[in-house]
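First up is the structure itself, then whatever we jot down about it.
Numbers here simply count residues along the sequence, with the first being 1.
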Amino acid sequence: MQKLIGIDLGGTTTKFAFLDMDGNILSQWRIPTDVSDEGSHIVPNISKSIVDRMAKEDFTVEDFAGIGMGTPPGSVDNDAGEVNEAFNLNWRTIQPVREQIQQELGLPFVIENDANSAALGEFWKGAGSEADNVVFVTLGTGVGGGVIADGHLIHGVNGGGGEIGHITVKPNGFLCTCGKRGCLERYASATGGVVNVALDMANQFHGNSQLKDQIDNGQSISSKTVFFLADHGDILANQVVNEVCKYLGLALSHVGNTLNPENIIIGGGVSNAGNTLLQLTTKYFQDNAFPAVRDSTKIKLAQLGNDAGVIGAASLALQFKNSMNV
Ligand code: ZN
């Protein structure tokens, strides 16, 4: 039986996995991402690492059906297999990733942005429960999104489909890196969102709060600190968490009202806050969801953690193989 290769390319680490055709991970490994020299070593290092690993495990290229890869934010041209302007890889010009990897390995290669790739992973093997309509939102450095409607990943006319992080939740709110104001990302990502909201609310807070003391003393705080203190009864921290979940629940209600998916799955580092985040977000989602949506769309936490990327990437390779066989 043939196998799949999934790659999750990140700004600091590149993760790899060999998987069977059912999406089970057979083995996995990682290498540091070398972004020096305008990122020119990244793709050759990926090819070399796969070749070395195949030799180590006594596999040949014929044992594999294809390769899928998730890549950090930038502009991904799925049809051409190219990536442009992925700044945390130091890629400022168009990179013909598919051409380079296919030249080295001779295997079919499919590329997708990392949020879409993680969405496919959860859709296939995680919290998506094999439903045909699933939305994935990842709360990390930024807020990413992936929309699977009737079993298909949505790209939109210019690749902007599923950009849940840039749904406006507060008109004239905080300025976002995308240039507009009030994006969800400025309220629900880790540092740029949760910490940003905490610093802002601490300014106007008068009362007893460990979070307020830490901020006033110039200690650096993280989204993890905020959720931890909220769970331990800190008043300001709870107000911050409430604000974050209010905007997240509101954004997800818009997504729900538009798509009525079976599941909206929350992943990424901030989702480690678990039930505190899930319950409050679900409350605000339900407050703002249309009744038919409220009764059927469920908010869930992601299940695959860091493996979502490689599993979703492998599913891209599988989909490609299946589309060639039709
Ligand atoms: Zn934005």
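Residue Q286 qualifies as enclosed at atom CD: its count of foreign heavy atoms under 6.0 Å is above 12. Heavy atoms of other residues, nucleotides or ligands lying less than 6.0 angstrom from NZ of K180 number more than 12. Residue-environment remark: CZ (R30) stays at or below the threshold of 12 foreign heavy atoms within 6.0 Å. Within a 6.0 Å sphere centred on CG of D295, other residues, nucleotides and ligands contribute more than 12 heavy atoms. By the 6.0 Å contact criterion, CG on D63 is enclosed, its count of non-hydrogen atoms from other residues, nucleotides or ligands being greater than 12. By the 6.0 Å contact criterion, CG on N217 is enclosed, its count of non-hydrogen atoms from other residues, nucleotides or ligands being greater than 12.
In the hydrophobic clustering of this structure, L259 groups with V169; members are Ile, Leu, Val, Met, Phe, Trp, Tyr whose side-chain heavy atoms approach within less than 4.5 Å, directly or through other members. Under the 4.5 Å side-chain contact rule for hydrophobic residues, M69 and I25 do not share a cluster.
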- Task: Decide yes or no on side chain to side chain contact (heavy atoms under 4.5 Å, CB included) for E185 and T177, but give the supporting numbers first.
- Result: CA-CA 9 Å; E185 184 161 299; T177 49; 3.6 Å; yes
- Message: Between S47 and Q100, does the side chain to side chain contact (heavy atoms under 4.5 Å, CB included) criterion hold? Intermediate values first, please.
- Response: CA-CA 9 Å; S47 298; Q100 287 176 282; over 6 Å; no
- Are I266 and F136 close enough, and set up right, to give a side chain to side chain contact (heavy atoms under 4.5 Å, CB included), and what steps lead you there? CA-CA 6 Å; I266 307 175; F136 180 74; over 6 Å; no
- Message: With side chain to side chain contact (heavy atoms under 4.5 Å, CB included) as the criterion, how do K300 and I264 come out once you've worked through the C-alpha distance, each side chain's angles and the decisive distance to 0.1 Å?
- Response: CA-CA 6 Å; K300 289 185 174 179; I264 298 178; over 6 Å; no
- Task: Begin from the C-alpha positions of K56 and D52 and carry the test salt bridge (Lys or Arg N to Asp or Glu O under 4.0 Å) through to its verdict.
- Result: CA-CA 6 Å; K56 194 176 155 200; D52 290 350; over 6 Å; no
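Using cut-offs of 30° and 60° for the angle between ring planes, the F18 and F59 rings count as perpendicular.
The backbone N or O of Q303 sits less than 3.5 Å from a side-chain atom of E122, completing a donor-acceptor pair. Of the possible polar contacts, none joining the T282 side chain to the I299 backbone as a donor-acceptor pair under 3.5 Å is found. Proximity of a side-chain donor or acceptor of N238 to a complementary backbone N or O of A230 within less than 3.5 Å is detected. A donor-acceptor pair under 3.5 Å links the side-chain atoms of S296 to the main chain of A292, judged by distance alone. With hydrogens and angles ignored, the 3.5 Å screen pairs no side-chain donor or acceptor of D77 with any backbone N or O of G81. In this structure a side-chain-to-backbone donor-acceptor pair under 3.5 Å is missing from D234 to S209. The backbone N or O of G312 lies less than 3.5 Å from a partner atom in the side chain of S315, making a donor-acceptor pair. In terms of modelled atom types and a separation under 3.5 Å, the side chain of R186 and the main chain of G193 share no donor-acceptor contact. Between the side chain of K212 and the backbone N or O of F205, at least one donor-acceptor pair lies under 3.5 Å. Judged by distance alone, the side chain of D200 and the main-chain N or O of N196 form no donor-acceptor pair under 3.5 Å.
Using modelled atom types and a 3.5 Å distance limit, the side chains of T12 and T33 yield no donor-acceptor pair. The closest side-chain donor-acceptor pair between N78 and E112 falls under 3.5 angstrom. A side-chain N or O of T60 and one of E62 form a donor-acceptor pair less than 3.5 Å apart. In summary, the side chains of E57 and S27 do present a donor paired with an acceptor at a separation below 3.5 Å, with no hydrogens or angles considered.
Nearest heavy-atom pair across A65 and Q2 is CB-OE1, 3.7 Å. Closest approach of I148 and L153 over heavy atoms only: CG1-CD1, 3.9 Å. Contact record, A317 with G66: CB-C, 3.7 Å, taken as the closest heavy-atom pair. The two residues S36 and H41 have their closest heavy-atom pair at OG-CD2, 3.5 Å.
Under the rule for a side-chain contact (heavy atoms from CB on, under 4.5 Å), the partners of E99 that lie at least two apart in sequence or sit in another chain are P96, Q103.
Checked against the 6.0 Å centroid threshold, F174 and Y187 count as a close aromatic pair.
Considering N133, N263, N257, N260 in turn, N260 is the only one that fulfils the side chain to side chain donor-acceptor pair (under 3.5 Å) rule with T297. Screening V226, I235, D216 for a side-chain contact (heavy atoms from CB on, under 4.5 Å) with L211, the sole residue that qualifies is V226.
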For residues 239-254, which side-chain donor-acceptor pairs fall under 3.5 Å, sequence neighbours excluded?
| residue | atom | partner | partner atom | Å |
| --- | --- | --- | --- | --- |
| N242 | OD1 | Y284 | OH | 2.7 |
| N242 | ND2 | Y284 | OH | 3.2 |
| E243 | OE1 | K246 | NZ | 3.4 |
| S253 | OG | L250 | O | 2.6 |

